[in-house]
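Right, one structure below, let's go through it.
Every value quoted in this text rests on a predicted model; they were computed, and no experiment measured them. In what follows, chains are A, B, ... by sequence order, proteins preceding strands, each numbered from 1.
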Protein chains: 2
Amino acid sequence: MANMKDVAREAKVSVATVSNYINGKKVRSEAAKNIEVAIKKLNYVRNNAARLLKTDQSPFVVFVVPSVWSPFFSELTFWVQKYLNKLGFKMVLCISENDYEKEKSYVKMAEEQRAAGILSISYSDLTSHVLSDIPLVAIEKETTGQFSLISSDNYAGGQLAAKELINRNLEHLIFVGSTNYESVELNARKAGFEDFCNNHGHKFELEEVKTRYDKKQLLDSVNKIIERIISESKKQNIGIFAHTDETAFLLIKELIKKGIRIPEQVQVIGFDGWNLTPNTKLSLSTIRQPIKEIAETAVKQLNKEIKNPKEAEKARVMLPVSYRAGETTIN
Amino acid sequence: MANMKDVAREAKVSVATVSNYINGKKVRSEAAKNIEVAIKKLNYVRNNAARLLKTDQSPFVVFVVPSVWSPFFSELTFWVQKYLNKLGFKMVLCISENDYEKEKSYVKMAEEQRAAGILSISYSDLTSHVLSDIPLVAIEKETTGQFSLISSDNYAGGQLAAKELINRNLEHLIFVGSTNYESVELNARKAGFEDFCNNHGHKFELEEVKTRYDKKQLLDSVNKIIERIISESKKQNIGIFAHTDETAFLLIKELIKKGIRIPEQVQVIGFDGWNLTPNTKLSLSTIRQPIKEIAETAVKQLNKEIKNPKEAEKARVMLPVSYRAGETTIN
DNA sequence: ATGAAAGCGCTAACAT
DNA sequence: ATGTTAGCGCTTTCAT
C-alpha cells in the first residue's frame with residue numbers, strides 16, 4: 001500500500017506537509033489540492049499502527065464481558081458502544097465466558113495494544129492482572145479497591161421486590177434463586193429481600209436454584225410451588241421474587257405449562273429489566289437495572305481517567321434500580 | 001513503559017535475543033532466565049503497535065453489525081467472537097445502527113488499523129467503500145458481487161412457514177410483515193410464503209407492518225385479525241406468518257391482551273429463532289436461522305481470504321433454515 | 001545462538 | 001507554511 005512518502009512525492013511536497021494536511025492543519029491551498037489528488041490516485045490510507053507508535057494514543061477501549069448473548073449484556077454493550085463512540089473511541093469486544101484464563105489474556109492484549117483503557121464486568125478478579133497503569137473501570141464488581149466501580153444497587157432492589165410483594169397482601173412469599181459465593185450482586189439481591197421481609201415481620205421461604213443451567217432443579221422448584229398452591233387451596237396468595245429475569249422467565253413458562261394462572265394464582269417479580277430490543281419488552285414484572293446510566297457513568301469515568309491519568313480520582317458509584325410493572329403481578 | 005531495549009540492557013543481551021525469546025525462538029538457557037527476570041522486574045509488555053508496523057499482521061477483525069441489542073445479533077456476535085478467537089483473532093465491534101456514514105467510517109477505521117479483515121452485516125452497500133484489498137466477508141446481503149456472501153435461505157424459510165401452516169388445515173392464512181425495498185432478506189421471506197401458497201392454491205392475505213417501530217400500525221393489524229376471528233365465528237382456523245420473531249412476539253402480546261387464545265384460535269409462526277440466552281428460548285413457533293453455522297462459515301471464509309489473499313476464491317453460501325415447533329402452533 | 005543495524009510509516013521539533 | 005530529520009519499538013537480515 002502507498003504510504004505518506006509516496007503521496008508527498010506524487011504531490012510534490014514534503015511528508016510533513018502531507019501529515020499536516022491529513023491532521024487538519026493549515027497548508028497552502030495549492031498543496032492541499034495536489035495532496036488530495038495524490039491520495040485519491042494512490043488510494044492512500046493512513047497507517048494507524050505507525051501513528052500510534054509515535055503518539056501513544058490508541059483509539060481502542062477494551063470491553064470485557066462474560067457474555068453478549070443475553071438481553072442484559074446486549075443492552076449494556078449497546079450503550080457502552082454508543083457512549084464510547086461519542087467520545088471517539090472504538091470498542092474491542094472481549095467475551096470472557098467467565099473464564100479466568102481468557103480474562104487474563106484479554107488484559108494482556110489490551111496492554112500490548114496500548115489500548116486507551118479497559119472497561120470490564122468480570123466475576124473473577126481480573127483487576128489483579130493489570131501490570132501497567134492502563135485505566136480500568138469495573139462494572140458490577142471490583143474487590144481490590146484500586147479501580148473505579150460502577151454498579152447498581154442490588155440490595156435496594158431486593159428490598160424493593162419484597163416491598164412490592166408485601167404491598168399486594170401476599171401471605172406466602174418465596175425467593176427463588178441462589179446463594180452464590182462468587183456473585184456479590186446476586187447475594188445482595190437476596191439479602192435485600194430477606195432483610196426487608198424480616199424487618200417487616202414477614203415470613204418467606206427459599207427455593208434454591210443453583211444455576212440457570214440446572215433444568216431439573218428448576219422443575220423441582222416449580223413442583224414445590226405447585227404443591228403449595230394446591231395445599232393452600234384457593235387462597236391464591238403466593239408471591240415470588242426470582243433473582244434474575246432469566247430464572248423468572250423459565251419459572252413462569254413451567255408454571256403456565258402446569259396450568260397455573262399468572263398473576264391470578266401466583267405473582268412473580270424478576271430482576272434485571274430485560275428488553276429484548278429497544279422496542280421489545282418482556283411482560284414480566286421486574287426490578288429494572290439502570291443499564292443506560294451504568295454504561296454512561298462507566299464510560300465517562302473511564303474517559304476522565306484516560307484524559308487525566310494522574311489526578312483523576314477513583315469513583316465508587318451505586319445507581320438506583322426501579323420497579324417496572326408488567327403482567328405477572330396484579331397492579 | 002519499559003521497552004525491549006531496557007529489557008536487553010537489564011538482561012545483558014541484545015534486543016534481537018529478547019525478541020527471539022519473546023517470539024518463542026531458541027535462546028541460550030541462561031539468557032532466557034535473565035530475560036525472564038528482567039521482564040518481570042521492569043513490568044515489560046510488548047508494544048503491538050510497533051510489532052504491527054513492522055510485520056503488517058494485525059490480530060483484529062472488524063465486525064460491523066446494525067445492532068447488538070436483539071437476540072439475533074447477540075447470538076450471532078457471540079458465535080462470531082467464538083470462532084474468531086479460536087483462530088487467534090480479536091474482534092473490534094462496530095455497531096452501525098444502519099447508519100451509512102457510520103458504516104463508512106468503520107470501514108475506513110479498519111483500513112487505517114490495517115485490520116486483518118472485515119466481517120459485515122450491512123444493509124446499505126458498505127462494500128463499495130472498501131478501497132484497499134482488505135478481505136471482507138458479508139453476511140445476509142452483498143450486491144456488488146465482489147465479496148463473499150454467507151446468508152440463510154430466507155426464501156425457503158417463507159415456503160416452509162406456508163407449508164407448516166397449510167399442513168394444519170388452516171383456511172385463513174395471513175402474512176404479517178412488510179415489503180421493504182432495502183431488505184432483500186425480508187422480501188425473500190415474503191416471496192417464499194406467497195409462492196408456496198399460490199403454487200398450492202391457497203389464498204392468503206397480507207397485513208402490512210411497515211416497521212417494528214410503528215406501534216399504531218401493529219395495533220391496526222391486530223384489530224383486523226380480531227375482526228376476522230369474530231366474523232368467522234368459531235371456526236378458529238387462522239394461521240399467521242410474521243416475517244420476524246419480533247413482529248410475531250409483539251403481535252402475540254397484543255392478541256393475548258385482547259383475549260384471543262393462542263394457539264387454539266390463532267396459530268402463529270415467526271422467523272429467526274430467537275434464543276434470549278444459550279438456555280432461554282421463547283415459546284414461539286418459528287423458522288430458525290442457523291446462526292451458529294452462519295458465523296462459523298463466515299469466519300472460516302474470512303480466514304481463508306486472509307491467509308491466502310490472492311488465490312482464495314469468493315464464496316456464495318446459502319444455509320438452510322428449519323422449522324422449530326413452539327407453543328404458538330398446534331403440533 | 002547472538003549482536004549490529006536497517007527500516008516499517010508516521011509525527012513533531014527545528015530550521016528556514 | 002514548508003522541508004529536513006530524528007526517533008517511536010519492534011522484527012529481521014546479515015555477519016559472526
Shorter than 3.5 Å, N or O on both sides, protein versus nucleotides 1-5 of chain D: list them out with atom names.
from	atom 1	to	atom 2	distance (Å)
D:dA1	O3'	A:Arg28	N	3.4
D:dT2	OP1	A:Arg28	N	3.1
D:dT2	OP1	A:Arg28	NE	2.3
D:dT2	OP1	A:Arg28	NH2	3.3
D:dT2	OP2	A:Arg28	N	2.7
D:dG3	OP2	A:Ser14	N	2.7
D:dG3	OP2	A:Ser14	OG	3.0
D:dG3	OP2	A:Thr17	OG1	2.6

Between [X] ([atom1]) and [N] ([atom2]), how many Å, whole number?
X: A:Arg51; N: D:dG9; atom1: CZ; atom2: P; result: 17 Å
X: B:Ile22; N: D:dC10; atom1: CD1; atom2: C1'; result: 10 Å
X: B:Asn47; N: D:dG7; atom1: CG; atom2: P; result: 18 Å
X: B:Lys54; N: D:dT11; atom1: NZ; atom2: C1'; result: 5 Å
X: B:Lys5; N: D:dC8; atom1: NZ; atom2: P; result: 7 Å
X: B:Asn48; N: D:dC10; atom1: CG; atom2: P; result: 9 Å
X: A:Glu111; N: D:dC10; atom1: CD; atom2: C1'; result: 18 Å
X: A:Arg114; N: D:dC8; atom1: CZ; atom2: P; result: 14 Å

Kindly write out the residues that satisfy ring-ring contact (aromatic ring centres under 6.0 Å, His included) with B:Phe78, not counting sequence neighbours, or none if the list is empty.
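For B:Phe78 the ring-ring contact (aromatic ring centres under 6.0 Å, His included) partners, ignoring immediate neighbours, are A:Trp69.
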Taking ring-ring contact (aromatic ring centres under 6.0 Å, His included) as the cut-off, I'd like each qualifying pair that reaches into residues 126-149 of chain A, sequence neighbours left out, listed once.
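For residues 126-149 of chain A: A:Tyr100-A:His129.
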Pairs where residues 22-46 of chain A contributes a residue and the test ring-ring contact (aromatic ring centres under 6.0 Å, His included) is met, not counting sequence neighbours:
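Matches after skipping sequence neighbours: none remain.
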Please list every donor-acceptor pair under 3.5 Å in which a side-chain atom of residues 87-97 of chain B meets a protein atom from a residue at least two apart or in another chain.
from	atom 1	to	atom 2	distance (Å)
B:Ser96	OG	B:Val65	O	3.4
B:Ser96	OG	B:Asn98	N	3.2
B:Glu97	OE1	A:Lys82	NZ	3.2
B:Glu97	OE2	A:Lys82	NZ	3.1
B:Glu97	OE2	B:Lys102	NZ	3.0

Once you apply a heavy-atom cut-off of 4.0 Å, does B:Tyr21 come out as touching a base, just sugar-phosphate, or nothing?
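Since no nucleic acid heavy atom lies under 4.0 Å of B:Tyr21, the category is nothing.
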Categorize B:Asn23 for me: base, sugar-phosphate, or nothing, with a 4.0 angstrom heavy-atom threshold over every strand shown.
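The answer is sugar-phosphate, as B:Asn23 gets under 4.0 Å only of primed atoms, P, OP1 or OP2.
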Does B:Asn3 reach the main-chain N or O of B:Asp6 with its side chain, forming a donor-acceptor pair under 3.5 Å?
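Flag set: sc B:Asn3 to bb B:Asp6 pair under 3.5 Å.
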Would you say the side-chain atoms of B:Ser120 pair up with the backbone N or O of B:Ala138, donor to acceptor, closer than 3.5 Å?
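No.
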For residues 292-300 of chain B, dump all side-chain donor-acceptor pairs below 3.5 Å to protein atoms at least two apart in sequence or in another chain.
from	atom 1	to	atom 2	distance (Å)
B:Glu296	OE2	B:Lys300	NZ	3.0
B:Thr297	OG1	B:Glu293	O	2.5

Could you work out, with side-chain hydrogen bond (donor to acceptor under 3.5 Å, both in side chains) as the rule, every residue matching A:Ser14, not counting sequence neighbours?
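Scan of A:Ser14 (side-chain hydrogen bond (donor to acceptor under 3.5 Å, both in side chains), adjacent residues dropped) gives A:Thr17.
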Residues that A:Gln113 engages under side-chain hydrogen bond (donor to acceptor under 3.5 Å, both in side chains), provided they are two or more places apart
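With neighbours one apart ignored, the set is empty.
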Axis-to-axis angle across the helix from C:dA1-D:dT16 to C:dT16-D:dA1, five pairs an end, to 10 degrees?
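Rounded value for the end-axis angle: 30°.
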With a 3.5 Å cut-off and sequence neighbours excluded, list the donor-acceptor pairs that the side chains of residues 27-36 of chain B form with protein atoms.
from	atom 1	to	atom 2	distance (Å)
B:Asn34	ND2	B:Glu30	O	3.4
B:Glu36	OE1	B:Tyr21	OH	2.4
B:Glu36	OE2	B:Lys40	NZ	3.4

Who passes side-chain contact (heavy atoms from CB on, under 4.5 Å) against B:Asn85, sequence neighbours left out?
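Partners of B:Asn85 by the side-chain contact (heavy atoms from CB on, under 4.5 Å) criterion, ordered by chain and then number, come out as A:Tyr106, B:Gln81.
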Outermost nucleotides of DNA chain C that come under 4.0 Å of a non-hydrogen atom of chain B:
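Contacts span C:dA1 to C:dG9, reading 5' to 3'.
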